[in-house]
There are 2 protein chains.
Amino acid sequence: MTSPPPDPLAVEVVELIGTVVARYHREYEHAAARYALTGAQARVLSLLCVEPTPMRRIARYFECEPSNVTGIVDRLEARGLVERRPDPSDRRVKIAAATPAGREAAARLRGSLDFAREPLAALSEAERTTLRDLLKRMVGGGAPG
Amino acid sequence: MTSPPPDPLAVEVVELIGTVVARYHREYEHAAARYALTGAQARVLSLLCVEPTPMRRIARYFECEPSNVTGIVDRLEARGLVERRPDPSDRRVKIAAATPAGREAAARLRGSLDFAREPLAALSEAERTTLRDLLKRMVGGGAPG
DNA sequence: TATTGTTATACTCTATAACTATA
DNA sequence: TATAGTTATAGAGTATAACAATA
């Protein structure tokens, strides 16, 4: 359907983004592993620190099947990092929420993501501002979570 | 060891990168799935299209255990997308290489990564150049693959 | 009937440890 | 002895399908 012109500059940027993505993702998994969390567990926990979320909505957020979320939340709950709460307005719904221990673990993990800040050291403040604005416009173009 | 100052701008950029990474990664898996490939299979196949690579070096490249690579290459080989070749200079080594069918599949996949190019449409050519240069400097600061 | 969450199942990815064949 | 690749094993993520409880 879409037959975009083979813009060499766009290709180069896409490849660079691919490199950044691969590196970031790998480092994120490693950082999570240091807290005995898998990447998926860390991502769900981080989401639940922002806001308690029904199981179904977690699945929609990560674009995965609801059955996956059951297992991930099971394992987080078994370690006391997350709890399931009933939804007063709909007894079918279970709302997953981070416990204080979960919020603490997530905060420690977040603080350890130096690898993500480190490459920015090569840029001046003005350049970081430029980068931020360009990324914002790229991200803003997509569908909201 | 590293106790970087809590620079709000850096934090914002890191969060934006996190968003880009999450979106790109998800879309990449979906795109690979459309060709009946897992993300890991697609990444290995793409690497082998660049250059035939010994099993051990594939593992080092992706920073995973060599035993993983065996299974991934097994499955790619079973579908005729990859083949193992002996290394004439060291009979212990097996060199994995993309077959013509594998290169074709990888090319089709690469062509379908519109999602990565699409957000760039919001940027002018000058802005893309700026973005490219900033990303280059970020990436260049890390360890070479 | 439709929806929420779960269970059961099968496949893949991942790390660890032990094994083989070469070096 | 050290290295390259594999096998065996176990835990985790994922999609599919079927199910109970609730709407």
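Everything numeric here is computed off the predicted structure, so don't read it as measured data. Protein chains get the first letters and strands the later ones, always in sequence-line order, with residue 1 at the start of each.
- As rounded to whole Å, 11 Å separates atom P of dT3(C) from atom CZ of Arg60(A).
- Met55(A) places its CE atom 18 Å from the P atom of dA21(D), with the value rounded to the nearest Å.
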Contact letters for nucleotides 13-23 of chain C, in which S counts primed atoms plus P, OP1 and OP2 and B counts the base, heavy atoms under 4.0 Å: SBBBB---BBS
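- For the pair Leu76(B) CG and dT12(C) C1', the computed distance is 12 Å after rounding to whole Å.
- Judged by distance alone, with hydrogens and angles left aside, the side-chain atoms of Arg128(A) form no donor-acceptor pair with the main-chain N or O of Val13(B) at under 3.5 Å.
- For Asp74(A), the side-chain atoms get nearest to dT7(C) when compared with the rest of dT7(C), dG5(D), dG5(C).
- Residues forming a salt bridge (Lys or Arg N to Asp or Glu O under 4.0 Å) with Glu12(A) (at least two apart in sequence, or on another chain): Arg132(B), Lys136(B).
- Protein atom CD1 of Ile95(B) is 13 Å distant from nucleotide atom P of dT6(D), rounded to whole Å.
- Between Glu29(B) atom CD and dA15(D) atom C1' there is a gap of 13 Å when expressed in whole angstrom units.
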For residues 70-81 of chain A, tabulate all N or O donor-acceptor pairs below 3.5 Å that involve a side-chain atom, not counting sequence neighbours.
unit_1: Asp74(A); atom_1: OD1; unit_2: Arg84(A); atom_2: NH1; d: 3.0
unit_1: Asp74(A); atom_1: OD1; unit_2: Arg84(A); atom_2: NH2; d: 2.9
unit_1: Glu77(A); atom_1: OE1; unit_2: Arg84(A); atom_2: NH1; d: 2.5
unit_1: Glu77(A); atom_1: OE2; unit_2: Arg84(A); atom_2: N; d: 3.2
unit_1: Arg79(A); atom_1: NH1; unit_2: Ala36(A); atom_2: O; d: 2.6
unit_1: Arg79(A); atom_1: NH2; unit_2: Tyr35(A); atom_2: O; d: 3.4

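- By the salt bridge (Lys or Arg N to Asp or Glu O under 4.0 Å) test, Arg92(B) pairs with Asp90(B), sequence neighbours left out.
- With rounding to whole Å, Arg57(B) atom CZ is found 14 Å from dA4(D) atom C1'.
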Ignoring hydrogens and angles, write down the donor-acceptor pairs under 3.5 Å from the side chains of residues 105-113 of chain A, residues two or more places apart or on other chains.
unit_1: Arg108(A); atom_1: NH1; unit_2: Glu104(A); atom_2: OE2; d: 3.3
unit_1: Ser112(A); atom_1: OG; unit_2: Leu109(A); atom_2: O; d: 2.8

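- At whole-Å resolution of the value, CZ in Arg56(A) and P in dT4(C) are 5 Å apart.
- Applying the salt bridge (charged side-chain N to carboxylate O under 4.0 Å, His left out) test to pairs two or more places apart or on separate chains, those with a residue in residues 42-54 of chain A are Glu29(A)-Arg43(A), Glu51(A)-Arg57(A).
- Residue Lys94(A) contributes atom NZ, which lies 7 Å from atom C1' of dT6(C) at whole-angstrom precision.
- Contact annotation: Arg84(B) side-chain N/O to dT6(D) OP1/OP2 distance is under 4.0 Å.
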